[in-house]
Engineer: 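Have a look at the structure that comes next, please.
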Amino acid sequence: MCQKEVRTRYAPSPTGFVHIGNLRSALYEYLVAKANGGKFILRIEDTDQKRYVEGAVEVIYETLKTVGIKHDEGPDIGGEYGPYVQSQRKDTYLPYAKKLVESKKAYYCFCSEERLENLRVQAEEKKVQFKYDRHCLKLTDEEIKQKLNSNEPYVIRQLMPDTGKTVYSDAVYGDIVFDNEVLEDQILIKSDGYPTYNFANVIDDHLMKISHVVRGSEYITSTPKYVLLYQAFGWEPPIFVHLPLVVKQGGGKISKRSGDAYFSDLLNSGYLPEAIVNFIVLLGWSSGTEQEFFTLRELENIFDIKGISKSPSTYDTDKLRWMNGEYIRKKTLEEFVEIASPWIDKSVSSNFDKEKICSMIQKRVEVLDEIPLMISFLNQPEIIDIQLYENKKSKCDVNEAKRILPIIRDKIREMDIFNHDSIYQMFTVTAQELEVKNGLVMWPVRIALSGMLITPGGAVEIADILGKNETLKRIEEAIIQLEKENA
RNA sequence: GGCCCAUUGGUCAAGCGGUCAAGACAUCGCCCUCUCACGGCGGUAACAGGGGUUCGAGUCCCCUAUGGGUCACCA
C-alpha cells in the first residue's frame, strides 16, 4: 500500500516577531511531519503589501534555526513546489479564481468600499448580521465585460451556498458543523490583484500537496470556507489539525503588549532555546507518560496528534523558569561558562575567574538575566550594617564577629596556597581550635566579604573567587568598621 | 449579538463508564546546610452548576453559567 506522504507547512506572515503561539504552531507542524516521516515546508505569506516589514523573513529563518527546526522546502532552500513566497506566486492565483468564475462558482464584484461600508452601517443599525448583498451577481455578462474593459477595479467573490450545512472532521476537535447561511460570499482576489489569505492558502496548500493543515483554533470558524473552496475545485481537502490557543495570564490572546511572549524577548532574558521548546511543546500537548523533559529529536519520534488537547492553555512563566533552571543545571561547567559569560561581563570585572563564578552560581540561576545582580557584590561589598553579623541560627553576633575576624585575618596572612581546599581547611581547623561549629567562623567572613546576608555560595567559594589580597582587604575593612561601632 | 469551541487544584495536565481522581510547576513544612540555591521527604489544593442515561459518570446526552474564538479587499 502506498500511503500518501505527510506534508505540513509553517506559513507565517512576516511581521518581524515570532511569539510563542506562532512558535508552538511551527513546532507542532514540524513534529506532525517528522513523527510521520514526512516533510515540513516553510512558506511565507506576504499577500498583504501594507504590512511588509523589512528583515522579517530573516527573523523567521533565525528563529527556526535556533530552536533546531529544519524545513525541507522553503524560500531559502527551494524545493519541488516553489516559489515559497506568496508574493512571488501572485500570478498563479488569478487563473484559479477565473476558473471558478467560468463554472459560475465565483463572480466579479465591482462594489466600492464605500458602498460596502454603507451596507455595513445599515446592517448595524438594524442589528442584523452583515452579509454582502450579491449586488454584482445580478450583472449581465455584457455589463461585466464593459466594466472590465474600462478597467474598473474589481474583486472576485466565491458564490457560497446559502442553505445546507458544511461538515468537516477535525483531527483534534472532531466533527464540526456549520450552517452555510452564515457564510458570506468571500473575496478570493482583492482589487490590488493579490489573493486573500484564505484563497492563497487553499491554492498553495493544494499545489504544494500539503496533507495536514496544522494551525491555531482561531481558524476553526473559517475552515468551512476552505472546505467549500476545495469542493468547488473538486480537490480533496487536507486533514485539518486545529490547535488550542495559548492565552496569557488572566485570559485573552497573546499580544505585543503581554510582555515576554516573544521568542526573541525570551532569548534576550536568558531563556535557553531547548527549554523554551520543551516548555512550549507541553503547552497543549501531552505524551501520555510522566516524562517531562524532551529533546526535539525525541519529540520527532513520539509526537502524536492524539495528545493535543482541546482547551486553551495559559502561558505562565513559573514553570518555564523552573524548566530553564533545570536545563542550566544539566549543562557541563564548560557549557555553562560559555552561555553565562556575556552576563557575567555585564556585571563584574574580568579579573575574576569565570569558571569559579560559574560553578558557584550554576545551581542558583534559573534565568540568565539574574546573573548580574547575583554576583555584583564581587566588585565591592554592599554597604555593611553591623547588624548583619547577628544571626540566631548560627549563634553568631557582633561580638563573635569581632573575636573571629581578626583570627581569620591572621591565618589568611600566613597562607601560601590560597585555594578552595586550603581555605576550607583553614576554616575547619580554626573552628576546631576554637571549639565551635564551622558555621560560626564562616558566617562573619561571608558577611565581611559580601556585605550581604544572602549570597550565592559560601565564604569559601567567595574567598576563592576574590583571591587572597581582596579577601584580606575586605576582612580588614570589616574589622575596622566593627571597632568603630564599638567606640 | 449570531455561530463555533472549551471547562479536572493557582498553572501545565493524566484520565478515554468502576482509580482512595496520577504527575509536574507554584505554595507550605521538615531534612541537608556558613546564608541562598540545589537535593531529599512530606502537606494543602480539583472534576463549573443542574438535570438525565446507567447497577455505576470527571468520563455519554441535555440545559445553565463562565471563558475563549470568529464574523474584513488582515493574515
Side-chain angles (χ1 to χ4, degrees), chain A residues 11-15 45-48 50-51 86 109 111 113 116 120 127-131 153-157 170 172-174 176-179 181-184 186-198 200-201 216-224 242 244-245 247 249 251-253 279 282-292 306-307 309-323 325 329 360-366 374 388 391 393-394 396 427 431 437-447 450 452-462:
Chain A
S13 55
T15 59
E45 309 226 331
D46 57 347
T47 54
D48 186 6
K50 281 168 261 163
R51 278 217 241 172
Q86 286 186 331
C109 171
C111 291
E113 295 201 45
L116 294 176
R120 244 185 283 272
K127 287 190 176 149
V128 300
Q129 172 71 44
F130 170 75
K131 212 172 142 183
Y154 67 89
V155 302
I156 296 179
R157 314 185 85 115
D170 194 288
V172 173
Y173 289 90
I176 311 247
V177 184
F178 286 90
D179 286 328
E181 60 177 331
V182 305
L183 269 20
E184 185 181 41
Q186 63 173 334
I187 291 175
L188 271 19
I189 301 289
K190 298 186 271 190
S191 57
D192 63 3
Y194 275 85
T196 55
Y197 170 81
N198 289 338
N201 235 275
S217 66
E218 68 264 33
Y219 293 103
I220 286 182
T221 38
S222 52
T223 302
H242 284 104
L245 257 24
V247 301
Q249 273 127 313
K253 248 178 150 174
F279 172 73
L282 259 16
L283 218 50
W285 177 80
S286 163
S287 68
T289 68
E290 283 189 7
Q291 183 179 353
E292 54 189 351
K306 286 195 189 78
S309 80
K310 292 187 178 119
S311 42
S313 35
T314 309
Y315 167 70
D316 174 20
T317 47
D318 273 355
K319 193 158 185 173
L320 173 58
R321 289 187 71 88
W322 164 79
M323 187 163 267
R329 275 169 239 136
M360 178 173 79
I361 63 175
Q362 184 167 11
K363 276 192 267 193
R364 290 165 238 262
V365 174
E366 282 194 317
M374 194 177 273
L388 291 181
N391 180 275
K393 218 168 135 193
S394 74
C396 188
F427 277 125
K437 284 183 157 184
N438 289 344
L440 191 62
V441 295
M442 288 172 169
W443 177 267
V445 176
R446 218 185 75 248
I447 303 291
S450 66
M452 300 193 301
L453 219 40
I454 294 170
T455 57
V460 177
E461 287 160 292
I462 295 170

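Computed from a predicted structure; not experimentally measured. Note on naming: letters A, B, ... go to the chains in the order of the sequence lines (proteins, then strands), and numbering restarts at 1 for each one.
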Engineer: Over all strands shown, is A:Glu184 touching base, sugar-phosphate only, or nothing at heavy-atom distances under 4.0 angstrom?
Structural biologist: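 Result for A:Glu184 = sugar-phosphate.
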Engineer: Please work out if A:Val460 contacts a base, only the sugar-phosphate, or nothing of the nucleic acid, heavy-atom cut-off 4.0 Å.
Structural biologist: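 Base contact - A:Val460 has a heavy atom under 4.0 Å of at least one base atom.
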Engineer: Could you tell me whether A:Gly457 contacts a base, only the sugar-phosphate backbone, or nothing, with contacts defined as non-hydrogen atoms closer than 4.0 Å?
Structural biologist: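 A:Gly457: base contact, heavy atoms under 4.0 Å.
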Engineer: Has A:Ser286 got a side-chain atom pairing as donor or acceptor with A:Leu282's backbone, closer than 3.5 angstrom?
Structural biologist: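 Side chain of A:Ser286 to backbone of A:Leu282, a donor-acceptor pair under 3.5 Å: no, none is there.
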Engineer: Looking at A:Arg329 and B:C38, is any side-chain donor or acceptor paired with a base atom of the opposite kind under 3.5 Å?
Structural biologist: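 It does not, because no donor-acceptor pair links the side chain of A:Arg329 to the base of B:C38 below 3.5 Å.
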Engineer: Hey, does A:Arg321 reach any base, or is it just sugar-phosphate, or nothing, if we go heavy atoms under 4.0 Å?
Structural biologist: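 No contact.
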Engineer: Testing the basics here: between A:Glu45 and A:Ala11, what is the closest heavy-atom pair and its distance to 0.1 Å?
Structural biologist: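 Here A:Glu45 and A:Ala11 meet closest at OE2-CB, 3.3 Å.
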Engineer: Suppose we define a pair by two distances each less than 3.5 Å, Watson-Crick or G-U wobble; what does B:U7 pair with here?
Structural biologist: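 When the pairing criteria are applied, B:A65 turns out to be the nucleotide that pairs with B:U7.
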Engineer: Strictly below 4.0 Å: does A:Thr289 bring a side-chain N or O up to OP1 or OP2 of B:G23?
Structural biologist: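 A:Thr289 to B:G23 OP1/OP2: no side-chain N or O under 4.0 Å.
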Engineer: In the strands shown, is B:G2 matched to any nucleotide by a Watson-Crick or G-U wobble pair with both distances under 3.5 Å, and which?
Structural biologist: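 Looking at the geometry, B:G2 pairs with B:U70.
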Engineer: Quick one: the side chain of A:Gln129 and the base of B:G1, do they pair up donor-acceptor inside 3.5 Å?
Structural biologist: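 Yes, the side chain and the base share a sub-3.5 Å donor-acceptor pair.
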Engineer: RNA chain B: A:Ser309 or A:Thr455, which has the more 5' nearest nucleotide?
Structural biologist: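 Nearest nucleotide further toward 5': that of A:Ser309.
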Engineer: Any donor-acceptor pair under 3.5 Å between the side chain of A:Lys319 and the base of B:A24?
Structural biologist: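 Per atom types, the contact qualifies.
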Engineer: Return a single string for nucleotides 61-69 of chain B, one symbol per nucleotide in 5' to 3' order, where B is base contact, S is sugar-phosphate-only contact and - is none, cutoff 4.0 angstrom on heavy atoms.
Structural biologist: -------SB
Engineer: Which whole-number value in Å describes the distance from A:Met360 CE to B:C34 P?
Structural biologist: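 So the CE-P distance, A:Met360 to B:C34, works out to 17 Å.
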Engineer: Need one value for A:Ser286: base, sugar-phosphate or nothing, where a base atom within 4.0 Å counts as base even if backbone is also close, heavy atoms only.
Structural biologist: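 Here A:Ser286 touches the backbone only, sparing every base.
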Engineer: Using purine N1 to pyrimidine N3 plus N6-O4 or O6-N4 for Watson-Crick, or N1-O2 and O6-N3 for G-U wobble, each under 3.5 Å, what pairs with B:A21?
Structural biologist: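 Looking at the geometry, B:A21 pairs with no nucleotide.
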Engineer: How about A:Thr15 and A:Ser13: does a side-chain donor come under 3.5 Å of a side-chain acceptor?
Structural biologist: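 On atom types as modelled, these side chains do not qualify, holding no pair under 3.5 Å.
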Engineer: Does a side-chain N or O from A:Lys131 land closer than 4.0 Å to OP1 or OP2 of B:G2, or not?
Structural biologist: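 So the side chain of A:Lys131 is outside the cut-off, no N or O lying under 4.0 Å from OP1 or OP2 of B:G2.
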Engineer: Rounded to whole Å, please give me the gap between OH in A:Tyr315 and P in B:U11.
Structural biologist: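 Atom OH in A:Tyr315 sits about 17 Å away from atom P in B:U11.
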Engineer: Hey, is the side chain of A:Trp443 poking within less than 4.0 Å of OP1 or OP2 on B:C34, counting only N and O atoms?
Structural biologist: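 Indeed not, no polar side-chain atom of A:Trp443 lies that close.
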Engineer: Counting only Watson-Crick or G-U wobble pairs whose two distances fall under 3.5 Å, which nucleotide matches B:C47?
Structural biologist: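 WC or wobble partner does not exist here.
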Engineer: Whether A:Arg157 contacts B:A72 is assessed here as follows: a side-chain N or O lying under 4.0 Å from the phosphate OP1 or OP2. Is that the case?
Structural biologist: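 No, outside the criterion.
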Engineer: So what's B:U54 paired with, Watson-Crick or G-U wobble, going by both distances under 3.5 Å?
Structural biologist: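 Result: none.
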Engineer: To the side chain of A:Ile454, which of B:U35, B:A75, B:A24 is closest?
Structural biologist: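 Nearest to the side chain of A:Ile454 among the choices is B:U35.
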Engineer: Rounded to whole Å, how long is the line connecting atom CD of A:Glu45 with atom P of B:A75?
Structural biologist: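 Spelled out: CD on A:Glu45 to P on B:A75 is 9 Å.
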Engineer: Looking only at side-chain N and O atoms, does A:Thr47 come under 4.0 Å of OP1 or OP2 in B:A75?
Structural biologist: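 Looking at the OP1 and OP2 atoms of B:A75, one of them is under 4.0 Å from a side-chain N or O of A:Thr47.
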Engineer: Pairing check on B:U59: which nucleotide meets the Watson-Crick or G-U wobble criteria with it, both distances under 3.5 Å?
Structural biologist: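 Its partner: none found.
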Engineer: Answer yes when A:Glu366 and A:Arg321 have at least one side-chain N-carboxylate O distance shorter than 4.0 Å, and no when they do not.
Structural biologist: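 Between A:Arg321 and A:Glu366 there is a salt bridge, with a charged N closer than 4.0 Å to a carboxylate O.
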Engineer: In Watson-Crick or G-U wobble terms, both distances under 3.5 Å, what is the partner of B:C41?
Structural biologist: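 The base-pairing partner of B:C41, which may sit in any strand shown, is B:G29.
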Engineer: Please find the pair of heavy atoms, one from A:Lys310 and one from A:Val172, that lie closest to each other, and give the distance.
Structural biologist: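 Smallest heavy-atom distance, with atoms named: CE-O, 3.1 Å.
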Engineer: Answer with base, sugar-phosphate or nothing: what part of the nucleic acid does A:Ser191 contact at a heavy-atom distance below 4.0 Å?
Structural biologist: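 Touches a base.
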Engineer: Is A:Val182 touching bases, backbone alone, or none of the nucleic acid, heavy atoms closer than 4.0 Å?
Structural biologist: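 Nothing, no nucleic acid heavy atom in range.
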Engineer: In whole angstrom, what separates A:Leu283's CG from B:A24's C1'?
Structural biologist: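 Atom CG in A:Leu283 sits about 13 Å away from atom C1' in B:A24.
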Engineer: Hey, which of these two, A:Gly307 or A:Thr196, hits RNA chain B nearer its 5' end, going by closest nucleotide?
Structural biologist: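 The residue whose closest nucleotide sits nearer the 5' end is A:Gly307.
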Engineer: Using whole Å, what does the distance between atom P of nucleotide B:G10 and atom CD of A:Gln249 come to?
Structural biologist: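 Whole-Å distance recorded here is 15 Å.
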Engineer: Quickly work out the A:Phe427 CZ to B:C34 P distance and round it to whole Å.
Structural biologist: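 Nearest whole value for this atom pair: 12 Å.
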